[in-house]
Each structure stands twice: as structure tokens, then as C-alpha cells.
Visitor: 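Could you have a look at this structure, given as C-alpha cells, before my questions?
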Protein chains: 2
Amino acid sequence: MKIVVLDGYTLNPGDLSWEGFERFGDLTVYDRTCYDGSREDLVIERAREAEVVLTNKTILSRKVIESLPQLKYIGVLATGYNVVDIEAARERGIVVTNVPTYGTEAVAQMAIALLLEMCHHVGAHSESVKKGEWASNPDWCYWKYPLIELAGKTMGIIGYGRIGQATGRIAQALGMKVLAYDKYVNKDLESDTMRYVELDELLAQADVIALHCLL
Amino acid sequence: MKIVVLDGYTLNPGDLSWEGFERFGDLTVYDRTCYDGSREDLVIERAREAEVVLTNKTILSRKVIESLPQLKYIGVLATGYNVVDIEAARERGIVVTNVPTYGTEAVAQMAIALLLEMCHHVGAHSESVKKGEWASNPDWCYWKYPLIELAGKTMGIIGYGRIGQATGRIAQALGMKVLAYDKYVNKDLESDTMRYVELDELLAQADVIALHCLL
């Protein structure tokens, strides 16, 4: 069985092993093929004869899918599967999978890290301390930027799916109130510190807004 | 009534108002007096005749307290009251107060901000993006340092009082397990993701250690 990874570099720049796939067949890994859809010919050439194609960002259009008669399975090495023409795959009975939760906690953690950098400017203060400004400060107490306390403030979260909820949990643990906007409302998630609102109210009330949605 | 603030600068470098105190008496605010205990004479001179003395870091030793016959109240403008000789104050019937919770959420937030800076190097990545490295990256995906995901990792917290618990709540929301060590154990706080352990086990098991205790 021929297995082709069209753009392995993003997932595995060298620190992971593809061995698990090698056990299932004849594996070829390309670092990149074409991200912008302009080289359908190259995608088809590389995936020819493949029963299994793995993609991260390389677009598998209807034309590509219809040009690969052996294809039985498309594995998207990411969460969003907008790079695959699902309808064309369905017509051919090709199974398409994605990885919906690999990044839930990591993305929420990153969103909070970005927020805390704005509140604390850790890197800049670290540099200042290394330059001796703390040691030479007469009060052992100073700040180069205003420090922002989040407790008691309100975070608006647009898109309250898995990642939005994970961000919301951390925000609440920081003492924040959470206002969520989503097409799908799950009232079970509401509490003293979290409720769903309309977008207008979210925008009017929030001190901080986190986007966990398609842009 | 004479009110003296011995070292107002740390609390109020200029962005707060002392007006609330002015309403109660004749207020004098010194930016700093002496932090290291070497100028008891200056402390006594400045606090002479005062019924109310407010201090942040200036030490009120037995000698100082015994030299201030009018003194009725010492307000510590901070959490730790180790700067006041409590025994000497008690003998004189002088009331001493501190501010035990003004920094609970702020300190916990700062501890997590420091941890997330180590996990994400937000400032360094921000600089890299501003230099155009993201725009020119062929994969729209890179990192200058390894990124560390906290979910599933273990935080050991030494000192599980108010601030330690606040840090522990955020850590758990980040998907971490918390091991706490404290002289005072409150079993009610334990859960699937938090338990008390002995110090040796904490040091052996923790991926990250937070100190919320006297050093």
C-alpha cells in the first residue's frame, strides 16, 4: 500500500518519527508540496497510486481527488479540514479524518500567555532585572509598565467550542467573569462566572476579547 | 490627631490619593525613612507625637515603639507584618493591622505569567514576528524556542495558603495536577487533580515548583 505525506514539515520538522506509518505500507514524506492550490498537477503527481494521503495544509480539491483513482483515505494532520473537498471525497467513498483535539489545551494556554504578556511584560521586566535595575532600586519594588490585574475583569469569548471553553476555564480561575458568544448554546456550562450573551452585549461588556472562531 | 506614613512611596508612587487619611487628622507622608533598621533615631524623630503610624517596610522595633508614647495604632500597608515588634506593641496595647489579601489574585496571576513566559517566550516570538519572520516563513508555522504544554504536567506548590491555592486553581484550569505541601492541611481542598503530599514526594514528582512561602 502506498502512503504519501504531502507536507510533513509543519507537523514534524525533525523531532518526531514517521515509523508508525511505515509499518502499514510504502511511505513517502514530502516536506512541502503546495499550500496555495496553484500546483494541482504536482499534488496529483506525488499522490498518484496512493491509497492513503496525509495532508496538513496542501489543498485536496475536487480535481485532485478525482485524479487519484486508488485513493481510499485522506488523513488531515490538523484540526480544520477545509483543505479537503469533502463532497468530492464523499462521492468517491473516501474516508476523511482530522485531529479535532490535539491542540485544545495548548491553544488555550497560548491565548492566556499572550494576555498575561500584555498584563505583565515579563520579558521586558526580566531584561530590566538582568540590567541590575531591581538590585539598584531603593524600594525593591518597581514596574516599567502598568501591571494589569485580571481578577474581577470580564473576558468575552467569541466561539465557545472546546478551545473557547478551555480558555474560559483558565480565565475563571484567574478570577475573571466570562461572557460567551456562540451559535450553539450549552446552558449546562453557565455558572455564576460564565454566561452566554449576544454579540453586542459581549462587545459592550468585555475588558478582554478572545477569538476562538474562524476569522 | 497626628498621622505619619513612614514610607509611602512603594504603595503610592504618585497614582493614588492619601485623602482618605487626611480626613482623620494631620497627615505627614514620607516617601522613605529607613528600610534596614539602622536609623531608629530617624524613625522616632518622624513618628514623634503620632497616634497613628503607617509603614510598609520601615521596621518598628521594640525601641522605636517604646519611644513613641502617643502611639495607638500601627497600620502595615502590606501583608507581612514581620516589620513590627508585635510583642512590644501588645504590651503597650497598640493595635496592629496588616492587609492580608490585597495581593492574592495578583501574585497568583504573576506566578502563572512567569511560568507561561518560560513555556512560550511570548516577548521573543513577538519580536520575531515584528521582524517579519512569520510573514516570510514558508509554513506560517514556526517557533524560536520549544513550546511547553502544561496540561498533564504536575505543579508542586510549597505553601498552600490563600496565594498558593489561587495559583493552584489556575494550574488545575490549565490541565495540571497539583501537589501541595503545607504545615496546615485542609483535606477539603483535595480533589482528583489536587492533593497534599510530603515535601520529598513533591520535589520528586513535580515538573514545576511554585513557592508561596517565606524564603
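Protein chains get the first letters and strands the later ones, always in sequence-line order, with residue 1 at the start of each. Keep in mind that this is a model prediction, so the values were computed, not measured.
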Visitor: Let me see the donor-acceptor pairs closer than 3.5 Å between chain A and chain B, or none if nothing turns up.
Guide:
{"unit_1": "A/R32", "atom_1": "NE", "unit_2": "B/D139", "atom_2": "OD1", "d": "2.7"}
{"unit_1": "A/R32", "atom_1": "NE", "unit_2": "B/D139", "atom_2": "OD2", "d": "3.3"}
{"unit_1": "A/R32", "atom_1": "NH2", "unit_2": "B/D139", "atom_2": "OD2", "d": "2.8"}
{"unit_1": "A/Y35", "atom_1": "OH", "unit_2": "B/D139", "atom_2": "OD1", "d": "2.4"}
{"unit_1": "A/K57", "atom_1": "NZ", "unit_2": "B/D139", "atom_2": "O", "d": "2.9"}
{"unit_1": "A/Q109", "atom_1": "OE1", "unit_2": "B/L150", "atom_2": "N", "d": "2.8"}
{"unit_1": "A/Q109", "atom_1": "NE2", "unit_2": "B/H120", "atom_2": "NE2", "d": "3.0"}
{"unit_1": "A/Q109", "atom_1": "NE2", "unit_2": "B/I148", "atom_2": "O", "d": "2.8"}
{"unit_1": "A/H120", "atom_1": "NE2", "unit_2": "B/Q109", "atom_2": "NE2", "d": "3.0"}
{"unit_1": "A/D139", "atom_1": "O", "unit_2": "B/K57", "atom_2": "NZ", "d": "2.9"}
{"unit_1": "A/D139", "atom_1": "OD1", "unit_2": "B/R32", "atom_2": "NE", "d": "2.7"}
{"unit_1": "A/D139", "atom_1": "OD1", "unit_2": "B/Y35", "atom_2": "OH", "d": "2.4"}
{"unit_1": "A/D139", "atom_1": "OD2", "unit_2": "B/R32", "atom_2": "NE", "d": "3.3"}
{"unit_1": "A/D139", "atom_1": "OD2", "unit_2": "B/R32", "atom_2": "NH2", "d": "2.8"}
{"unit_1": "A/I148", "atom_1": "O", "unit_2": "B/Q109", "atom_2": "NE2", "d": "2.8"}
{"unit_1": "A/L150", "atom_1": "N", "unit_2": "B/Q109", "atom_2": "OE1", "d": "2.8"}

Visitor: So which of A/I148, A/L147, A/L150, A/L114 has the largest heavy-atom pair count under 4.5 angstrom toward chain B?
Guide: A/L150
Visitor: Do other residues, nucleotides or ligands put more than 12 heavy atoms under 6.0 Å from the CG atom of B/L16?
Guide: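 Count over threshold, so yes.
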Visitor: Is B/L115 close to chain A through its backbone or its side chain, or both, or neither, when contacts mean heavy atoms under 4.5 Å?
Guide: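 Looking at B/L115, nothing touches chain A.
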Visitor: Heavy-atom distances under 4.5 Å only: say whether B/P13 touches chain A with side chain, backbone, both or neither.
Guide: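 Contact with chain A involves the side chain of B/P13 alone.
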Visitor: Quick one: pull up CD1 in B/I112 and CD1 in A/I112 and give me the separation to the nearest 0.5 Å.
Guide: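 Answer rounded to 0.5 Å: 10.5 Å.
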Visitor: In chain order, what residues pass the side-chain contact (heavy atoms from CB on, under 4.5 Å) check against A/L211, with sequence neighbours excluded?
Guide: A/I158, A/I209, A/C213, A/L215
Visitor: Give, as side chain, backbone, both or neither, the part of B/A108 having an atom under 4.5 angstrom from any heavy atom of chain A.
Guide: neither
